[in-house]
Amino acid sequence: MADTMLNLDTISTLYRAHIAHLSQRYGQTLTALGYAALVLDAGTLQPKSRFDDQDWPFRRAPGFAHWLPLVAPGSFVVVVPGERPLLAWHQPDSFWEGPPTPERTDFAAEMEVKPFATLGQVRDRVPLGSVAVIAETAQRAHDLVGHGVCNPSELVAALDELRVHKTAYEVACLTEANGRAAAGHDAARQAFAAGGMSELQIHLRYLHATAQDDPETPYKNIVALGPHAATLHHIAYGKSDPGRQAESLLLDAGATCLGYHADITRTWTRGSGAALDTFAQLVTAVDRVQLQLCAQIALGVPYETLHDSAHFNIGCVLKEAGLVHGGPDELVSKDITFAFFPHGLGHALGLQTHDVGCAKIRPRPDNPYLRNTRLIDAGQVFTIEPGLYFIDGLLRPLRQGPHSRLVNWPLVDQLAPFGGIRIEDDVVVCGGAQGHLNLTRTVMPQGGGAA
Ligand code: GLY
Ligand code: MN
Ligand code: MN
């Protein structure tokens, strides 16, 4: 089980400062845009299907989670400039289900708390006048505040912006989430090294080690043995003895702390053989590239520059491994690196795994899947996750196209059974000359490699 490393006294102090910061910044934003109040809905339980009576596991809305780590469907926060925030805490009178125990309850000291069973009991707590409601649907917004405007785009953009620069409290939560995920990666790596484990069994070991139920993970664990790693988000776990597929494992799995997400990927190998040794060298090379890219993090640098640098470096790795011919610039310009590394280098991270606020500008058309186009700035938290994959659907057109001669296809065919490689860390950008802090390597120094 994951031991918590959270210092409870420290986190309470940081949380107090976080709420003071949010009160000030949200207040300024609302006033600037002419709103008297903001209602942030936590969300409601959603039926899985109209044909039965089951609900999806509840996910609180990130705007609500920005204020407090409470899992309580039907609740909402009311923010009025210059006033103490109000938590309207839905506590239905039900003998069928009870709410989960809150991970922490110190939020109650930082806001007014008003428990309620029916909306009529709290309707008078929302001011009259111009009220904005952030809610899943206009119907829900109307149910909460008959006179409110639902998800006004200018305000939504401004609130997203308030989530880009993390407070010290948020960084502490993200740090702890990384510590929890590291325990899972360690357990999964050991299970894989022992051999004979299916993807499902590795997934279950991970859940056990991180003390997470499956719906509590920040995103569905990606557990990919052998060729399955060529599917970037492989979640259809194999359930039986993986046999020869079990020589490589790509594990992309996280954990949460008080609503904040960790997002970590490692790739490991086990066993021996000429092709596996070559693949293992590629894992080491991608790990080296990942660290080089982290070292390029600096204030004012466009994140897209790091992404471009990743393509250049992956070109060098492909060439050194003998997988391709030609210089890295040519490999990038002819989209050959794209065929091996098709996703973006990373994305903002916070209350959402793919967090908001860092992709307001579109990437260049040749970087279609890049989710971070910001200038790097202190307080941002993002992932750095280069990869190198053998994806048949991308390599086939390359093999049949005009640049086919630049690829060593016999070697590609030898390595394709290992699927692919991704190494992903979470980093926070520091101010001044401090550069960045790698939240993942702090708790899990080893990158990809032999399990
Ligand atoms: N785990 C999803 C991602 O890395 O973006
Ligand atoms: Mn990621
Ligand atoms: Mn990931």
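For this chain, numbers begin at 1 and follow the sequence in order. Both counts, for ligands and for their atoms, begin at 1 and track the order of listing.
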Is it the case that the ring center of Phe382 lies less than 6.0 angstrom away from the ring center of His347? no
- With side chains defined as the heavy atoms from C-beta onward, is the minimum distance between Leu159 and Val356 less than 4.5 Å? no
**Prompt:** Just wondering, are more than 12 heavy atoms of other shown residues or ligands nearer than 6.0 Å to CZ in Arg205?
**Reply:** no
message = Under 2.8 Å from the Mn ion (ligand 2), is there any N, O or S atom belonging to His354?
response = no
Per residue Glu424, nearest N, O or S atom to the Mn ion (ligand 2) is named OE2
Notebook entry, point to check: Side chains of Asp41 and Val77: closer than 4.5 Å at any heavy-atom pair?
Noted result: no
Mind listing the N or O contacts between ligand 1 and protein, cut-off under 3.5 Å?
{"unit_1": "ligand 1", "atom_1": "1 (N)", "unit_2": "Asp252", "atom_2": "OD1", "d": "3.2"}
{"unit_1": "ligand 1", "atom_1": "1 (N)", "unit_2": "Asp252", "atom_2": "OD2", "d": "3.0"}
{"unit_1": "ligand 1", "atom_1": "1 (N)", "unit_2": "Asp263", "atom_2": "OD1", "d": "3.1"}
{"unit_1": "ligand 1", "atom_1": "4 (O)", "unit_2": "Asp252", "atom_2": "OD2", "d": "3.4"}
{"unit_1": "ligand 1", "atom_1": "4 (O)", "unit_2": "Asp263", "atom_2": "OD1", "d": "3.4"}
{"unit_1": "ligand 1", "atom_1": "4 (O)", "unit_2": "Asp263", "atom_2": "OD2", "d": "3.1"}
{"unit_1": "ligand 1", "atom_1": "4 (O)", "unit_2": "Glu385", "atom_2": "OE1", "d": "3.1"}
{"unit_1": "ligand 1", "atom_1": "4 (O)", "unit_2": "Glu385", "atom_2": "OE2", "d": "3.4"}
{"unit_1": "ligand 1", "atom_1": "4 (O)", "unit_2": "Glu424", "atom_2": "OE1", "d": "3.3"}
{"unit_1": "ligand 1", "atom_1": "4 (O)", "unit_2": "Glu424", "atom_2": "OE2", "d": "3.1"}
{"unit_1": "ligand 1", "atom_1": "5 (O)", "unit_2": "His347", "atom_2": "NE2", "d": "3.1"}
{"unit_1": "ligand 1", "atom_1": "5 (O)", "unit_2": "His354", "atom_2": "NE2", "d": "2.7"}

Note to self: Is the distance between the ring centroids of Phe107 and Trp89 under 6.0 Å?
What the structure shows: yes
The Mn ion (ligand 2) -> Asp263, closest N, O or S atom is OD2
Check your understanding: Under 30°, 30 to 60°, or over 60°: which ring-plane class applies to Tyr169 and Tyr260, parallel, tilted or perpendicular?
Key -> perpendicular
- Query: Step by step, would you call Tyr237 with His203 a ring pair (Phe, Tyr, Trp, His ring centres under 6.0 Å)?
  - Reply: CA-CA 8 Å; Tyr237 310 137; His203 166 68; 4.5 Å; yes
Of all N, O or S atoms in Glu385, the one closest to the Mn ion (ligand 2) is OE2
_Once you measure the plane-to-plane angle for Trp268 and His185, does it fall in the parallel (<30°), tilted (30-60°) or perpendicular (>60°) bin?_
perpendicular
